[in-house]
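Structure record follows, encoded as structure tokens.
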Amino acid sequence: MKYHVEARNVVKRFGPTVALNGASIAIAEGETHALVGRNGAGKSTLVSILTGLQPADEGEVLFAGEPAPALADRDAWRRRVACVYQKSTIIPALTVAENLFLNRQTDGGVIRWRALRARARELLDTYEVDVDVQALAGDLSVEQRQLVEIARALSFGARFIILDEPTARLDGPAIERLFARMRSLREQGVTMMYISHHLDEVYEICQSVTVFRDARHIVTRPVAGFSHDELVGAMTGEATAAYQARARTPGERVVLAGEGLSLAGRYREVDLAVRSGEVVGLAGSASSGKVGLAETLVGLRKPDAGTVTVNGVRVRPGDVPSALRAGLGFVPEDRHHEGFVPLLSVAENATIPVAGKLGRFGTVSPSRQRARAVQLIDDLDIKTEGPGQPVGDLSGGNAQKVVFARALVDDPSALVVINPTAGVDVKAKQALLGAVEDAVERGAGAVLVSDDLDDLRVCDRVLVMFHGRVVKDVPRGWTDHELVAVMEGIEQ
Amino acid sequence: MTTLTASPAPRVRLARFRDLTLVPVILILLVVGAFLDPTFLTSGNLTNVLQQQAAISLLVLAEAMILISGKFDLSLESTVGMAPAIAVMMVIPASAGGFGLGLPGSLVIPLCLLVGAAIGAFNGFLIIKFQLSAFIVTLAMLIIVHGLQLGPTQGKTLFELPDSILYLGSAVWLGLPASIWIAGVLFAAGIAGLAYFRIGRALYAIGGNIDAARAAGIRVNRVLWGVFILGGTLAALAGVLETGRLGAIGSNQGVGWIFMVFAAAVIGGVSMDGGKGTILGALTGVLVIGLVQNILTLKGVSGFWQPVVYGAIILVALIISRIAGGKAQD
Amino acid sequence: MTTLTASPAPRVRLARFRDLTLVPVILILLVVGAFLDPTFLTSGNLTNVLQQQAAISLLVLAEAMILISGKFDLSLESTVGMAPAIAVMMVIPASAGGFGLGLPGSLVIPLCLLVGAAIGAFNGFLIIKFQLSAFIVTLAMLIIVHGLQLGPTQGKTLFELPDSILYLGSAVWLGLPASIWIAGVLFAAGIAGLAYFRIGRALYAIGGNIDAARAAGIRVNRVLWGVFILGGTLAALAGVLETGRLGAIGSNQGVGWIFMVFAAAVIGGVSMDGGKGTILGALTGVLVIGLVQNILTLKGVSGFWQPVVYGAIILVALIISRIAGGKAQD
Amino acid sequence: GSSSTSTAGSGAAGGGKVGIDYPRADSDFWNSYIKYVPQMAAEQKVDLMPATNSQNDVGKLVSNVQALVGQGAKAIVMAPQDTGAIASTLQQLENKKIPVVSVDTRPDKGKVSMVVRADNRAYGTKACEFLGEKLGGKGKVVELMGSLSSVNGRDRAEAFRECMKTKFPGITVFEEPTEWEGSKAASMLQTRLEQNPDIKGIYMHAGGVHLAPTLQVLKQKNLLVPPGDPKHVFVISNDGIPEELAAIRKGEIDATVSQPADLYAKYAMFYAKASLDGKTFKAGPTDHDSTIIQLPNGLEDQLPAPLVTKDNVDDKNLWGNQVK
Ligand SMILES: Nc1ncnc2c1ncn2[C@@H]1O[C@H](COP(=O)(O)OP(=O)(O)OP(=O)(O)O)[C@@H](O)[C@H]1O
Ligand SMILES: Nc1ncnc2c1ncn2[C@@H]1O[C@H](COP(=O)(O)OP(=O)(O)OP(=O)(O)O)[C@@H](O)[C@H]1O
Ligand SMILES: [Mg+2]
Ligand SMILES: [Mg+2]
């Protein structure tokens, strides 16, 4: 059998961490090959080795049977492989057009900006990405940025493309467009490696799948005939049941309320009330304003009009500390941006909101901090060397769990989580959704903003937003089709 | 449970060592110094080194905190001369070059610290409220504050000073100059404050990711403002110590210090990008610089070549601490 | 299609304007200057301003490129004096203070540029290959390079210079000083290079996100090294222009410039964090600083208060450009 | 009565080590001084320690003095550029009975056994008188000042200002604060000439830094013409470095006040050794064309600082004619 790409017995260590321990993968010519595994299994590390960003400590990489080019020869790598990295490689201070054609603005000689913009617009049009090519990439939403990265990677004309969790930040229609594109590339004979924590996507788009666990290769099999449970079993090393949303009866007390909230360009005249023991979903397609609304509830944004009440306390608009003091916990949309301080430890990141309660006279007792962190690491099953490891060194999903830990650390009575399971593996997803439900069972009320319909299943009701307004309050028991129709504005 | 708590221990110790990458450099300097000059290792000489570095070390302490919180303050060096000069002029009679306000001489130190705090507050105001670049605001303030000393004093040295401002910089407590005690206590407070206090940890969070710090409920603006005010106050106190050591306030007091302050902080492991470094590390940086200067003075290296030797030693210290620390710097 | 092309047009214009937030400041200065002194708006005086800023503007050009690529170079100011001094000493006879190598006088400019390039290359080597902090490496180099001028010259001013090194800084071409032409051409090249060439755009990419730049296939180390070498060469050329303007190489040539260089670049919109700003913006920064200095000289503001006025104007310029630009600075 | 200041040495007897600190290494005048010192010390058999350099920073000067004393200096020669901030150090040295010779500057407070210095106020006055006479008491003059925070710069500026005000009220003076920087001097002079093309006189505080830029600006403006020409701008300088003397010979500048670097070095060594030998001096004229005056905190030997013009520029005794 001829493999288009092969990695053999790759070992990669980061200090004491072994990210890859003799892992191998072999991808056949022209197939779309899934790589799955729990957070921290070593997937992204393999990606950086397959794209020549990092050297492997041991082992080898082959392209079409030939040894990989030297690390310094970036052009040779770029001819062989294009990649959407998990971590953004967008340069915020440059325009979208320039980001799309970075380091290939011209074949030589003077850059013709007008032509470049036209090419960029054309490229984005083929993906139906509606952004101004002259906007600065830093001004785009997380989702738009991701689309730009995907468009860029696919535009190289490389015969091998790696997509590391491209859909973690995309909503349904965008994912559909991506898949359509991937199918047509496959018809042209392009080989792809696809990483995702959404296993149904793996079944939808891939032909075979490789599972990594604990830095090792576990199994490679065709997707057909590999049952969902078997796959999850291979990833986790144990039998895992699908997540069952729990039934509850919400209380009467309103723990989180917004009245008459408006923010120009984002949302208008929104009222909402979350009761104790209730999970309220917030759904909507791109630009519906759901994230902006959620960020207003937690104080990250200041509304033009309206008030937010947490636990009966009217919080100062646009003031996070006053919302936290009133008993709120939240998970922001972008963990890299607002979620964690990369150089600080897991323990420290998780306990910032309760730093005042971990010692007397303004001190923070390191032992109490560590004890609290160890408990959170246990609860949320965070894979880390210990509470002292900097969060910047964790894998994406584990960093997300740390952000979650920070939201839960003060036992909040109101919880706002935005795309909480972005980039989180199946089992961790259950842990995180379980953590939300646990908090709610302890009497909290929660708002869950998500593009992922699976996440929304834990909600007691889902508020659907469209063009900045709440258009419908959908009670539990909806089908995917119904909800999507409302989100697209097709049915009211 | 035991495995979890047991494993991090070595890491912590390693992390602590990372702040102390200059310790080998200090040891080498001590050995080399002792070898080059018999006076060097005498307690008298080492006390002199510490006393000479006391004032500048307070600036390093201030700058380290400001850098850790991700900001920048160049104007500290001008405060060293201006704050005591203005404070003194408020209390001495017009005949001795003062404003003739007739305030009591005992007020001079509080006034001086107040002036320093006010400069810090003004810096903070422009940088935080107006969202201006810290580098350029404090660069302009470096020039302005120095001008605010030159203008009123007409460039003259103030040498008729109230005793109260001379005391701290020249007194000896328990056999050691008071300025060493003061710097020592403040550094101890800084080390503890940044390691074990909520407010100190907040500086790291702000410097490491200001948005995350804000989202975690830290009152970022308030903390940053406080740091600038504290920085200005420490610079004014450094001015008090320096004034006592020199017995007068020259119009150039503090001028040119800021480069050495940054050098000490950065070779001591404090990052210019914020969120990284410790006060203890900054202290080792101060010591390295003080020892190098002392050795060069003792050896009487020609004034022309002194900068070359001096700069080369800083580079070597940097390389040693890079190798000992094992991480790329920024 | 028309709607698509129509909407972005105003954005371009806006983005361009963002580099030019200092234009209102320049206009205000021109009006105020004309109002304060009749000489100010004469072509003779404005030519003088440009000539006086020519040398420092080359440093600003160099520093802007280095800052845009996310690095830092403080040592440029020392190169301004050291590179021409060493080059001159290589060609003049020992009796005039040279090394007595007997090289022909026509080589002095190439030698000078070579020395500048070598300093840049050494900086780049330490920063890129050794991964040391750019700030502290170039701070040490600032001291060392200046020492490498003081040492060989024994601190003396070099008065006996070959004509070739005096020519560029003192010649007049087509009615304008040659140094203005040279600076103008180099700025034009810099503006075009950073706006229309891949290599120039690579600087933005590297300064904006070095990992992304590397992933995009940019040879990051090579480009950075090139920028440091170019920076050193430009600083040496600035030294040639300054030498020609002053007719001698004093031991303090260039000393103290670097603060003004940063001030010009940063008020001109170049970010200290890398990846942001334009050469055109930096040029407006140079002009603002030159005009302010000229007006202060024309008005004969008292030397003691001059720094206060000067610093205050920089602050005001900063605030105006902040308001005109509408974005927080960093 | 006059005191004997014969240089006849009595060997290295009663002596002890002399520590010396140089104020800076970046000006031509001080570099000449630095070159003269070891030579003069050898001539007078002074046991000189390796010199320190305080780089114009009084904080460093204090540290350096501490180190010198720590290494066994029995007398100190210094040139404190900041005359106030050295007071407490002088106090400490007095307590330790270590005599101090201060060169070029006169400390405001604290005991000194001798100040060796030319009178900087006299420089300003001489320059004022020279320019005043040449310009016939009217016209415009540019004064390129040194650093305002240096005493010497301030003394020259104040004396020049006072003299102009009282003796030549018809002359307008433009004071330019150049911070001893050639670059600033060139820019300021160029701008001022643009504004006032009828400027007829220039007073430079320091030939070392101001000479070349001034000549370059005058040349660019076609003002570098011989004294007879109506366009001539009269230039008087300070320091007396060889290049100034050469410029006087060429007629490019008209005069300079020669600051005696050699005598500074010679008498610094002389008085340091004398104080170690226990010799004392009294106010009055000396045997080397100078006068010792009494200060509240010691004595000052005011060395002669001759005005050099085309007439006496070839005088062998000028220090600027002795170096090469
Ligand atoms: N630069 C680094 N320094 C230290 N440790 C690292 C570094 N990069 C990755 N690791 C560690 O290597 C392991 C594998 O990380 P990797 O990012 O490959 O996981 P992943 O499978 O992509 O996980 P996820 O699904 O969460 O993205 C993790 O334990 C992580 O903490
Ligand atoms: N930083 C920003 N500056 C300007 N406009 C923005 C910014 N972020 C988002 N927007 C715009 O605000 C509108 C609402 O965005 P919001 O993020 O609240 O909606 P959303 O439903 O979460 O959208 P998405 O799913 O795309 O994130 C959209 O038109 C979006 O493009
Ligand atoms: Mg990953
Ligand atoms: Mg969104």
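Chain A is the first sequence line, chain B the second, and so forth, proteins listed ahead of strands; every chain is numbered from 1.
- Looking only at side-chain heavy atoms (C-beta outward), P177(D) and Q306(C) come within less than 4.5 Å of each other.
- Taking CD from Q154(C) and NZ from K35(D), the interatomic distance works out to 8.5 Å, rounded to the nearest 0.5 Å.
- Ranked by heavy-atom pairs under 4.5 Å with chain C, the first of S32(D), G208(D), A185(D), S183(D) is S183(D).
- Annotation for Q216(D) and G244(C): closest pair NE2-O, 2.7 Å, computed over non-hydrogen atoms.
- Ranked by heavy-atom pairs under 4.5 Å with chain D, the list V255(C), N294(C), D37(C), I56(C) is led by D37(C).
- With rounding to the nearest 0.5 angstrom, the CG atom of L246(C) is 11.5 Å from the CG atom of L215(D).
- Note that CD of Q190(D) and CG of N45(C) are 8.5 Å apart. Values are rounded to the nearest 0.5 Å.
- If you measure heavy-atom distances from I34(D) to chain C, you find no contacts under 4.5 Å at all.
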**Study point:** Pair T191(D)-Q52(C), side-chain hydrogen bond (donor to acceptor under 3.5 Å, both in side chains): steps then yes or no
**Key:** CA-CA 10 Å; T191(D) 301; Q52(C) 287 156 18; 3.3 Å; yes
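- The choice from Q220(D), E194(D), E175(D) that makes the most heavy-atom pairs within less than 4.5 Å of chain C is E194(D).
- Within 6.0 Å of CH2 in W305(C) there are more than 12 heavy atoms belonging to other residues, nucleotides or ligands.
- Only the side chain of T39(C) comes within contact range of chain D, with at least one heavy atom under 4.5 Å from a heavy atom of that chain.
- Neither the backbone nor the side chain of F40(C) has a heavy atom closer than 4.5 Å to any heavy atom of chain D.
- In terms of modelled atom types and a separation under 3.5 Å, the side chain of Q195(D) and the main chain of L298(C) share a donor-acceptor contact.
- Heavy-atom distances place the side chain of T42(C), and not its backbone, under 4.5 Å from chain D.
- Contact of I241(D) with chain C is made through the side chain alone, with heavy-atom distances under 4.5 Å.
- The residue among A186(D), A212(D), A246(D) with the most heavy atom pairs within less than 4.5 Å of chain C is A212(D).
- Ranked by non-hydrogen atom pairs under 4.5 Å with chain D, the options E242(C), K156(C), R245(C), Q293(C) are led by R245(C).
- Contact annotation for T157(C): both backbone and side-chain heavy atoms come within less than 4.5 Å of a heavy atom of chain D.
- If you tally non-hydrogen atom pairs under 4.5 Å between each of R192(D), K219(D), M188(D) and chain C, the highest count goes to R192(D).
- Counting heavy atoms of neighbouring residues, nucleotides and ligands inside a 6.0 Å radius, atom CG of D163(C) does not exceed 12 of them.
- T153(C) contributes atom OG1, which lies 7.5 Å from atom CG of N31(D) (distance to the nearest 0.5 angstrom).
- Side-chain contact check for S187(D) versus Q53(C): every heavy-atom pair is 4.5 Å or farther apart.
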